[in-house]
K.L.:
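Structure in structure tokens, see below.
We number each residue from 1, following the sequence as shown.
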Amino acid sequence: MKKIALVATGLLCVGLLGACSGQGMESSNKSETKQTAKTGNSEQDGKKVQEFNLQGVDGKTYRLSDYKGKKVYLKFWASWCSICLSTLGDTNDLAKTEEGKDYVVLSVVAPTFNGEKSEADFKNWYQSLDYKDFPVLMDSKGDLLKEYGIRSYPSALFIASDGTLAKTHIGYMSKEDIVQTLKEMK
């Protein structure tokens, strides 16, 4: 009986992890980024991150250059991703009271890409949630997804204060590990 419970638990865990990495994913050889399973770092790490201008769910325009001199935790997520949704509270906590912190927390959703809702449907859905301490940027054209080869959720980019890509991470990452990564960055 214990073996059956253990096997069932294992299958459930694999199913949950698989759900966020494969639902509705499009394959794009054009701008794929090779990832290493051990570190999650990509071949782009250390390169200058291109400027972006994205509109937030709140209607404001967010530019990477607005955060010059600060570290940036950029979280890519989707409304259908159970792991993403379960970590939004941690993301909100990390973003609270950014005063005195040397980093900023931003999140990105790509409407109509990779199985995500339309922009209007996402905005309506998101308004019912109570996460107001971090901006949700709308990558409506999928430019950032393509630029960084984002094909599964959650995924994160860690941008150093000099504007270079310090680390790419695919999958779940605890709040403690995020904070540690930010501390280790320049």
Side-chain angles (χ1 to χ4, degrees), residues 19-35 40-45 47-68 70-88 90-92 94-95 98 103-129 131-160 163-173 178 181:
C20 288
S21 66
Q23 182 178 343
M25 294 294 143
E26 300 168 357
S27 177
S28 170
N29 292 331
K30 184 176 167 185
S31 59
E32 285 185 19
T33 302
K34 294 179 184 175
Q35 304 291 330
N41 291 333
S42 75
E43 292 177 349
Q44 295 185 16
D45 289 0
K47 292 185 181 177
K48 197 79 166 164
V49 176
Q50 289 186 4
E51 172 71 305
F52 60 76
N53 297 302
L54 296 175
Q55 186 175 26
V57 170
D58 58 8
K60 296 178 186 176
T61 299
Y62 293 84
R63 295 169 189 80
L64 181 60
S65 58
D66 292 342
Y67 308 103
K68 189 175 183 173
K70 284 195 168 219
K71 302 170 192 176
V72 177
Y73 168 57
L74 191 61
K75 177 180 182 170
F76 291 84
W77 63 285
S79 64
W80 51 258
C81 171
S82 59
I83 294 172
C84 301
L85 297 178
S86 71
T87 60
L88 286 181
D90 287 346
T91 305
N92 200 59
L94 285 167
E98 291 180 352
Y103 66 85
V104 66
V105 175
L106 303 173
S107 72
V108 178
V109 173
T112 71
F113 286 86
N114 300 336
E116 184 54 78
K117 304 172 187 312
S118 71
E119 187 170 330
D121 287 345
F122 178 85
K123 286 180 179 181
N124 287 334
W125 171 82
Y126 187 73
Q127 287 177 346
S128 68
L129 302 180
Y131 303 114
K132 309 297 181 210
D133 292 306
F134 63 93
V136 178
L137 314 182
M138 308 296 280
D139 186 14
S140 299
K141 295 179 182 176
D143 292 340
L144 283 182
L145 293 182
K146 293 171 190 166
E147 176 72 24
Y148 296 103
I150 304 296
R151 295 177 290 150
S152 60
Y153 300 113
S155 289
L157 299 180
F158 290 88
I159 303 168
T164 59
L165 185 59
K167 181 178 181 176
T168 302
H169 184 86
I170 298 170
Y172 171 78
M173 192 172 196
I178 294 166
T181 300

K.L.:
For a quick test of reading the model, state the closest non-hydrogen atom pair linking K70 to Y103 and the distance between them.
P.N.:
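Minimum heavy-atom separation between K70 and Y103: NZ-O, 4.1 Å.
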K.L.:
Hey, what do you get for CG (L74) to CD1 (I150), rounding to the nearest 0.5 Å?
P.N.:
8.0 Å
K.L.:
Kindly determine whether Y148 and L157 satisfy side chain to side chain contact (heavy atoms under 4.5 Å, CB included), including the steps that lead there.
P.N.:
CA-CA 9 Å; Y148 296 103; L157 299 180; 3.7 Å; yes
K.L.:
Short question: side chain of T87, backbone of I83 - any donor-acceptor pair under 3.5 Å?
P.N.:
yes
K.L.:
How many angstroms lie between atom CD1 of I159 and atom CG of L106, to the nearest 0.5 angstrom?
P.N.:
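Interatomic distance, I159 CD1 to L106 CG, rounded to 0.5 Å: 8.0 Å.
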K.L.:
Please name the residue in the list F134, Y153, Y172, F122 that meets the ring-ring contact (aromatic ring centres under 6.0 Å, His included) test with W77.
P.N.:
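Of the listed options, the one satisfying the test is F122.
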K.L.:
In the structure I gave you, are the side-chain heavy atoms of V109 and K123 within less than 4.5 Å of one another anywhere?
P.N.:
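The answer is no, as the side chains (C-beta and beyond) never meet within the 4.5 Å cut-off.
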K.L.:
Return the minimal non-hydrogen interatomic distance between F76 and L145, and the atom names on each side.
P.N.:
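That would be CD2-CD2, 3.9 Å.
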K.L.:
Could you tell me whether the side chain of T181 reaches within less than 4.5 Å of the side chain of M173, counting heavy atoms only?
P.N.:
yes
K.L.:
Is the shortest heavy-atom distance from the side chain of M138 to the side chain of V57 under 4.5 Å?
P.N.:
yes
K.L.:
Does a side-chain heavy-atom distance below 4.5 Å link D143 with F52?
P.N.:
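Of all side-chain heavy-atom pairs linking F52 with D143, none is under 4.5 Å.
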K.L.:
For the residue pair K132 and Y126, would you count it as a cation-pi contact if the rule is NZ or CZ under 6.0 angstrom from the ring centre and within 45 degrees of the ring axis?
P.N.:
yes
K.L.:
Taking C-beta and beyond as the side chain, do S155 and T168 meet within less than 4.5 Å on heavy atoms?
P.N.:
no
K.L.:
To the nearest 0.5 Å, what is the distance between CG (N114) and SG (C81)?
P.N.:
11.5 Å
K.L.:
Distance from D121 atom CG to T112 atom OG1, nearest 0.5 Å?
P.N.:
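So the CG of D121 and the OG1 of T112 are separated by 11.0 Å.
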K.L.:
Nearest 0.5 Å, please: how far is CD in Q55 from CG in D139?
P.N.:
12.5 Å
K.L.:
Minimum heavy-atom separation for C84 and P154, please, with both atom names.
P.N.:
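The pair with the smallest heavy-atom distance is SG-N, 3.6 Å.
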K.L.:
Going by heavy atoms in the side chains, are I178 and L94 under 4.5 Å from each other?
P.N.:
yes
K.L.:
Mind listing the closest non-hydrogen atom pair of S152 and I170 along with its distance?
P.N.:
OG-CG2, 3.2 Å
K.L.:
How many angstroms lie between CG in L137 and CG in L144, if you round to the nearest 0.5 Å?
P.N.:
8.5 Å
K.L.:
Any idea which heavy atoms bring S118 and P111 closest together, and the distance?
P.N.:
C-CB, 3.9 Å
K.L.:
For E116 and A110, which heavy atoms make the closest approach, and how far apart are they?
P.N.:
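Minimum heavy-atom separation between E116 and A110: CB-O, 3.3 Å.
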